[in-house]
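The analysis underlying the following values was restricted to heavy atoms, covering all of them including side chains, and did not include hydrogens, waters or symmetry mates. The shown structure was predicted, so the numbers you read here are calculated from the model rather than taken from an experiment.
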Amino acid sequence: PFQIHYSDLRTVKRLGRGVSGYVNEVVHTPSGEKMAMKVVNLLSEAVSREHICRELNTLRFANCPSILDFYGASTFGDSKLMLLMEYMDL
């Protein structure tokens with residue numbers, strides 16, 4: 001529903017960290033929308049191209065209420081992939 005640029009995201013806090021990256025809670029400042037931003041280091045040996053493609057396809061094309069809404073993905077920096085998803089506050 002809106003264009004998302006990395007510069008429009010404000011980090012609120014770190015939600016978690018894994019072998020290949022981390023997840024932050026962010027706010028899209030123009031809309032006020034709270035999101036989860038997963039950042040994957042594409043140079044990590046723990047990340048395979050197949051795994052990334054499978055995750056992107058699942059998020060983008062799945063039509064299931066049990067899967068988070070997916071807002072988009074983009075590369076930034078030298079080797080980082082950013083995935084923006086619905087933020088779930090349990």
>> Could you work out, with side-chain contact (heavy atoms from CB on, under 4.5 Å) as the rule, every residue matching Ser66, not counting sequence neighbours?
In response: Cys64
> If you measure from CG on Leu43 to OG on Ser79, what distance do you get to the nearest 0.5 Å?
Replying inline: 3.5 Å
> How long is the gap from CG on Asp8 to OG1 on Thr29, to the nearest 0.5 Å?
Replying inline: 5.0 Å
Does the side chain of [X] reach to within under 4.5 Å of the side chain of [Y], using non-hydrogen atoms?
| X | Y | value |
| --- | --- | --- |
| Leu84 | Met82 | yes |
| Tyr71 | His28 | no |
| Val47 | Asn41 | no |
| Leu83 | Leu56 | yes |

> Are Leu15 and Met35 grouped together when hydrophobic residues (ILVMFWY) are joined by side-chain heavy atoms under 4.5 angstrom apart?
Replying inline: no
> Do the side chains of Val12 and Ile4 join up, straight or via other hydrophobic residues, at under 4.5 Å, putting them in one cluster?
Replying inline: no
> Could you give all pairs that pass the salt bridge (Lys or Arg N to Asp or Glu O under 4.0 Å) test and reach residues 38-47, with sequence neighbours left out?
Replying inline: Lys38-Glu55
>> By the salt bridge (Lys or Arg N to Asp or Glu O under 4.0 Å) test, which pairs, at least two apart or in different chains, include something from residues 77-90?
In response: none
>> Using every non-hydrogen atom in the two residues, find where Phe70 and Leu59 come nearest and quote the distance to one decimal.
In response: CB-O, 3.5 Å
>> Could you report the tightest heavy-atom contact between Leu81 and Ala73, atom names first, then the distance?
In response: CD1-CB, 4.4 Å
>> My understanding is that only residues two or more places apart in sequence, or in another chain, count here; which of them pass salt bridge (charged side-chain N to carboxylate O under 4.0 Å, His left out) with Arg54?
In response: Glu50
> So, Ser31 side chain and Glu33 main chain: donor-acceptor pair closer than 3.5 Å or not?
Replying inline: yes
Extract all donor-acceptor atom pairs below 3.5 Å that involve side chains of residues 18-27 and protein atoms in other chains or at least two apart in sequence.
residue, atom, partner, partner atom, Å
Asn24, OD1, Arg14, NE, 2.8
Glu25, OE1, Tyr87, OH, 3.2

